[in-house]
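Any value given below was found using the heavy atoms of this structure, including those in side chains, with hydrogens, waters and symmetry copies removed.
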Amino acid sequence: MKILSKLTIITLLFITGCSTTQTTYKTVSAKDAQAKMTTSEDVVLLDVRTLEEYEEKHIQGSILIPDYDIETEIETQIPNKDTTIIVYCRSGNRSRNVANKLITMGYKDVYDLGGINNYPYTENIVTN
């Protein structure tokens, strides 16, 4: 009987441990990103380019954390790991890498928008 109880407990622990939802890499279209940003206050638009690139032009309302500073700065800027984060860069390479890194760090709702070069809503682009 004791063996059966132990096996039952081990089985339940295994099933519970295996049923956790793992976040996966997701892309988002500019249209869907725009909709998310206008319908929810809990969305952060994250620019992962350099300060120079950001100052040249960026999407209105975005925050800057360069890709090379993500690991040291993200938890200060976005401490809630349930926050919806939409990541973009210049062409899509850095945003893909950062989106995957954020998922690895435990952020649960991360989307890769790709590059600002392909962002069609030019009225939302701030330039200096």
Side-chain angles (χ1 to χ4, degrees):
M1 190 65 155
K2 288 181 182 181
I3 293 174
L4 183 59
S5 296
K6 287 180 182 179
L7 285 175
T8 303
I9 292 171
I10 290 170
T11 303
L12 288 173
L13 289 172
F14 179 75
I15 291 170
T16 304
C18 291
S19 67
T20 58
T21 305
Q22 183 174 347
T23 303
T24 59
Y25 172 81
K26 300 174 278 197
T27 59
V28 65
S29 69
K31 180 180 178 182
D32 290 342
Q34 194 73 13
K36 285 180 184 299
M37 291 183 287
T38 56
T39 60
S40 176
E41 292 180 15
D42 194 27
V43 175
V44 174
L45 184 59
L46 177 61
D47 188 323
V48 296
R49 300 173 302 145
T50 64
L51 176 60
E52 294 77 22
E53 289 173 299
Y54 184 84
E55 288 177 342
E56 182 181 316
K57 71 177 181 178
H58 60 273
I59 301 174
Q60 184 177 11
S62 63
I63 66 168
L64 173 68
I65 304 176
D67 62 331
Y68 48 82
D69 286 336
I70 282 297
E71 290 184 34
T72 58
E73 298 295 322
I74 191 68
E75 289 181 352
T76 303
Q77 298 282 335
I78 309 172
N80 182 353
K81 293 191 176 185
D82 292 323
T83 301
T84 299
I85 303 172
I86 300 173
V87 185
Y88 77 92
C89 63
R90 183 181 53 82
S91 65
N93 292 325
R94 289 175 281 183
S95 62
R96 180 181 55 249
N97 292 337
V98 168
N100 281 315
K101 172 139 333 248
L102 292 174
I103 291 165
T104 303
M105 295 175 73
Y107 287 86
K108 297 178 182 82
D109 199 21
V110 180
Y111 296 88
D112 179 6
L113 177 59
I116 193 171
N117 289 347
N118 298 320
Y119 190 72
Y121 300 105
T122 54
E123 67 276 8
N124 293 340
I125 304 267
V126 177
T127 57
N128 289 340

*asked:* Suppose we screen for side-chain hydrogen bond (donor to acceptor under 3.5 Å, both in side chains). Which residues come up paired with Ser29, at least two apart in sequence or across chains?
replied: Asp32
_Quick check for you: to the nearest 0.5 Å, what is the distance between Asp112 atom CG and Ser95 atom OG?_
3.5 Å
*To the nearest 0.5 Å, how far apart are CD1 in Ile86 and CD1 in Ile59?*
9.0 Å
Between side-chain atoms of residues 120-128 and protein atoms elsewhere (two or more places apart, or another chain), which donor-acceptor pairs fall under 3.5 Å?
residue : atom : partner : partner atom : Å
Asn124  : ND2  : Gln34   : OE1          : 3.4
Asn128  : ND2  : Glu55   : O            : 2.5

_Between His58 and Leu64, does the side chain to side chain contact (heavy atoms under 4.5 Å, CB included) criterion hold? Intermediate values first, please._
CA-CA 9 Å; His58 60 273; Leu64 173 68; over 6 Å; no
*Can Ile74 be reached from Val48 by stepping across I, L, V, M, F, W or Y side chains whose heavy atoms are under 4.5 Å apart?*
yes
_Could you see if Met105 belongs to whatever hydrophobic cluster contains Val110? Use Ile, Leu, Val, Met, Phe, Trp, Tyr and a side-chain cutoff under 4.5 Å._
yes
*asked:* Within this structure, what is the CD1-CG distance for the pair Ile65 and Leu51, rounded to the nearest 0.5 Å?
replied: 13.0 Å
*In Å, rounded to the nearest 0.5 Å, how long is the span from CD of Gln77 to CD1 of Ile85?*
11.0 Å
*asked:* I want to check something: taking the side chain as every heavy atom from C-beta on, are Leu102 and Leu46 in contact at a cut-off of under 4.5 Å?
replied: yes
*Do the side chains of Tyr107 and Thr23 get nearer than 4.5 Å, heavy atoms only?*
no
*Are Tyr88 and Leu45 close enough that some pair of their side-chain heavy atoms sits under 4.5 Å apart?*
yes
*Sequence neighbours excluded, which residues qualify as side-chain contact (heavy atoms from CB on, under 4.5 Å) partners of Glu53?*
Arg49, Thr50, Arg90, Arg94
*When you look at CD of Glu73, are more than 12 heavy atoms from neighbouring residues, nucleotides or ligands closer to it than 6.0 Å?*
yes
*Could you list the residues that satisfy side-chain contact (heavy atoms from CB on, under 4.5 Å) with Ser40, not counting sequence neighbours?*
Asp42, Val43
*Which residues pass the side-chain contact (heavy atoms from CB on, under 4.5 Å) test with Asp82, sequence neighbours left out?*
Asn80, Lys108
*Output the distance between atom CG (Leu113) and atom SG (Cys89), rounded to the nearest 0.5 Å.*
9.0 Å
_Distance, nearest 0.5 Å, that separates CG of Asn97 from OH of Tyr25_ = 9.0 Å
_Heavy-atom closest pair, residues Tyr111 and Thr27_ = CD2-O, 4.1 Å
*asked:* Between Glu75 and Pro79, is there a side-chain heavy-atom distance shorter than 4.5 Å?
replied: no
_Non-neighbouring partners of Val44 that pass side-chain contact (heavy atoms from CB on, under 4.5 Å), sequence neighbours left out_ = Ile63, Ile78, Thr83
*pair Tyr54-Ser62: side-chain heavy atoms closer than 4.5 Å*: yes
_Side-chain donor/acceptor of Asn100 to backbone N/O of Arg96, under 3.5 Å_ = yes
*Shortest non-hydrogen separation from Thr76 to Thr72 and the atoms involved*: OG1-O, 4.3 Å
*asked:* With a 6.0 Å cut-off (strictly less than), is the heavy-atom count around NZ of Lys101, excluding the residue itself, greater than 12?
replied: no
